[in-house]
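The next block holds one structure in the form of structure tokens; read it before the comments.
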Amino acid sequence: MAKIRIRLGEKTKTLSVGALLIYLGIGVLFLCIFWQFIYLMVNKTLDDEDLVAHGHDKFTRTSVSEAARGEIVDRHGNVLASDMEAYRLALVTDSDYPNHVTDPEETAEAVADIIDMPAEDIQKRIEEGIENERFQVELGKEGRDLSYNQKNALEDGNIPGIVLTPETKRFYPNGDFASHLIGYAEQQEDSDELHGQLGLERAYDDVLGGQNGTIDYTKDLWGYIVPNSDTVKPPEDGAQMQLTIDSNIQLYLEESLDTMEEHFEPEELFAVVADAKTGEILASGQRPSFNPRTREGFGKSWLNMLYQYSFEPGSTFKVFGLAAAIDAGEYDPDALYESGSYDVDGYTIHDWETEGWGTITYNEGMQYSSNALMMLLQDKVGEDEMLDYYKQFGFGETTDSEFPNEQSGTLSWESELQRKTTSFGQGSTVTPIQMIQGMTAILNGGEMKKPYVIESITDPNTGEVLHQGKETVIRQVISEEAAEQTHEQLNTLVGGSMDRNSQYLLDDYEVSGKSGTAQVIDPENGGYMNGPYEFLTSFMGYAPKDDPEVIVYYGVKLASKNKSDTWDIGVMPGFNPLMERTLKYLTVGQSGSDQGAEAIDVEDYSGENLSEIPFISDSNIQTVVVGDGEAVEDHYPKNETLLPYESFFVKTEGDATMPDLSGLSKREVVLFGDFIGADVVVEGEGYVKSQSIEPGTILNDEEMLEVTLSSNDPED
């Protein structure tokens, strides 16, 4: 092998070429390594990967601190939606795991006793998991959202293989209760975070949801947390939303809707209660609806009917044409006209009574709800001027509410026929919130108030009020004098000289308003449906009629049961109890405070004397006593809240005697039957008018009680 002589100073060293190449190679290697270290120190990257970030990811951990979703409460602070802890159940089917299901049948039966799922379905899930060699199985929605009591029951049962994981769910304590307005939120499968899916929960998801916090910390090679390495970003809880809704009035509304649904079995129902002076929405509901707790009924209707439902209103719309004519100086209540029909562009449009009522006054025409009168008034005012009035009342545009996707309705004004039919509420469309808004102008001296449903939104972290609802005047629609005259004319429409709409009269309050019977579009064949009683029937009423405090707008569409009642009595079975209970609750027209009566917390008074119950003499509570003694043996409700003007049932010592049930609602009669253990047969709608067992009669076991209900209609 060739050799190379290298002189180093006075010495000469001989190296083979191979050895020299080895030395050179080692030198180049060390030079490359040295260069790589310098490169990494300067650039901190390798193959475009950030080494600092890589190291940070390897030793740094982050845990998420979930923000609490903001509560939704009513005007008095009562919770309508809030977060609560729930639990998810899983069953371990892997026999290699110490805690696993050992007997599928026994486990299924034990679990079925606690959750709402058949034992055979649970057993099937377990056996499929074992057969498919899964580690665990879950039980779908039946195994989620378990309560704290269910969790304790499962744990106390010492059931092999169960695993319970805590999770946050949205809780709606009232069930089906303004459901489309409030909406609902649920956990997302991919993130387990709560997100709004409908209603205000969705519209204000970002505001209610808040921002999650984080805790960043570093672990060493052995998995220990490095001291002082944690960085905490606290969560920012979601804002609290307070609504103008009053839970008591909302309860009255929901019960009235149940009554109407049972009586008519309609395609659709809606009702809304508003403060006549401020525009605040006190209650709103509809059918079909759903229970956000159980999802029962979910998917039958996606629309929030208060804001998103546009329809042809029928004769309730005539109040705005009346107001326009009065403001324009074209309405004289004593002037005469020929009723029955009106010729429009080659068509003859009739009154609902096709022959009419002969020559009558304008006021009588309003009481009869004459279409011919409204077309005549529109001609006298002028079509362009009338269109401007309708726009001033807010029709054809949204109310700019807090709710997304609000509908604007339409003012059909292209043809002569459309313009004329609009005068009596056909052809053009409106929303319930527009009708409420327009009515506030007539009842407030011509000043139209903006309806609103959100009282406030408050940041709980800082106390800052992010949004404050308030009474707002949109504009002066008609003059104060015209509004007063319109109000006077409307006050003749219930029980006036023509004795029209007397079914809406109440015993204790003077009610007025306008009824409506609108034809309904046939979605399959076009045009209007022409079957018997295929209407949308409504009533927009207010009370007290001389100084209105409350507006109630009620509608029922396409009844499938008791159809003729939609013509004969309209929406009375729902409107009357709702209006009456609302007025009594608000103590309208009564001495003392004008604030709503307070709900009462009922404790357990068993064993005490009847006279010792603190609210027994409260005039806002109807006490129904079974028995002739003084000592209380049982009562309903117990350890619950009693709302104003609800009934308190008491059983005392001595013989059980039948009390006088006069004035009780259907719901209260059913509750009473459950309380005394009697079967109850209820006939009619409204309030108890008669009962089969006379007051004072000693009750026997298994006694059948028959009661007849009646409205406050004087003709009943």
Side-chain angles (χ1 to χ4, degrees), residues 178-183 196-204 243-245 266-274 279-281 283-290 299-317 319-320 387 389-414 418 421-422 425-441 448-454 469 472 474-475 477 516 518-523 526 528 535-538 540 551-558:
S179 298
H180 282 81
L181 182 69
I182 298 168
Q197 304 299 308
L198 195 71
L200 293 170
E201 289 272 33
R202 179 175 181 176
Y204 292 84
L243 306 183
T244 59
I245 296 295
E267 181 179 293
E268 291 172 333
L269 270 170
F270 69 83
V272 55
V273 182
E280 294 170 276
I281 302 301
S284 174
Q286 64 190 72
R287 297 291 183 271
S289 186
F290 69 97
K300 291 183 179 179
S301 175
W302 298 101
L303 293 180
N304 179 338
M305 294 182 73
L306 180 59
Y307 299 102
Q308 297 177 313
Y309 180 58
S310 59
F311 58 98
E312 298 180 31
S315 294
T316 49
F317 194 71
V319 301
F320 305 108
L387 176 61
Y389 274 113
Y390 289 150
K391 289 180 177 179
Q392 285 295 302
F393 274 111
F395 297 107
E397 62 181 22
T398 71
T399 64
D400 192 26
S401 70
E402 309 97 329
F403 206 88
N405 303 319
E406 180 186 352
Q407 296 297 300
S408 63
T410 58
L411 286 171
S412 298
W413 216 254
E414 294 180 1
Q418 288 176 326
T421 58
T422 291
Q426 295 284 176
S428 293
T429 61
V430 302
T431 62
I433 197 69
Q434 287 176 330
M435 296 289 282
I436 291 291
Q437 177 178 265
M439 198 65 181
T440 63
M448 190 164 69
K449 305 294 180 72
K450 176 182 172 63
Y452 63 103
V453 73
I454 298 179
T472 303
I474 299 173
R475 56 182 165 266
V477 178
Q519 291 181 284
V520 176
I521 294 291
D522 186 337
Y528 290 112
F535 307 128
L536 187 152
T537 304
S538 62
M540 185 162 58
I551 301 170
V552 175
Y553 188 29
Y554 218 118
V556 55
K557 177 183 176 183
L558 296 179

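What's counted below: heavy atoms across the whole structure, side chains too, no hydrogens, waters or symmetry copies.
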Practice task
With sequence neighbours excluded, tell me which residues meet salt bridge (Lys or Arg N to Asp or Glu O under 4.0 Å) with E280.
Solution key: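 With neighbours one apart ignored, the set is R75.
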
Handout entry: For K450, all residues meeting salt bridge (Lys or Arg N to Asp or Glu O under 4.0 Å), sequence neighbours excluded
Key =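 If we apply the salt bridge (Lys or Arg N to Asp or Glu O under 4.0 Å) test to K450, skipping adjacent residues, there are no hits.
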
Set of side-chain hydrogen bond (donor to acceptor under 3.5 Å, both in side chains) partners for [X], sequence neighbours left out:
X	value
S179	D176
T410	T429
E312	Q426, Y528
T316	none

Closest approach of [X] to [Y] (non-hydrogen atoms, all atoms of both residues):
X	Y	result
V520	L536	CG2-N, 3.6 Å
P313	M435	CB-CE, 4.2 Å
P432	Y553	CA-CE2, 3.9 Å
Y452	G469	CE1-C, 3.8 Å
K557	P266	O-CB, 3.4 Å

Exercise for the section: Scan for salt bridge (charged side-chain N to carboxylate O under 4.0 Å, His left out) pairs involving residues 397-409, sequence neighbours excluded, and state none if there are none. Expected result: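 Listed by first then second residue: E397-R475.
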
Test item: [X] side-chain N/O and [Y] main-chain N/O as donor-acceptor pair under 3.5 Å:
X	Y	result
Q418	E414	yes
T440	K449	yes
S428	S412	yes

Do [X] and [Y] touch side chain to side chain, with heavy atoms closer than 4.5 Å?
X	Y	result
F290	H180	yes
I182	L200	no
I551	V273	no

Quick one: list whatever passes ring pair (Phe, Tyr, Trp, His ring centres under 6.0 Å) with [X], sequence neighbours left out.
X	result
Y309	F311
F393	F320
F403	Y307

Working to the nearest 0.5 angstrom, can you tell me the gap between [X] [atom1] and [Y] [atom2]?
X	Y	atom1	atom2	result
S408	Q434	OG	CD	7.0 Å
I436	M448	CD1	CE	13.0 Å
Q308	Q286	CD	CD	9.0 Å
I281	I245	CD1	CD1	7.0 Å
F395	F317	CZ	CZ	5.0 Å
L269	T537	CG	OG1	10.5 Å

Exercise for the section: Going by the side chain to side chain contact (heavy atoms under 4.5 Å, CB included) test, name the single residue among T431, N304, V430, L303 that passes it with Q407. Expected result: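 Checked T431, N304, V430, L303 against Q407; only one passes side chain to side chain contact (heavy atoms under 4.5 Å, CB included): T431.
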
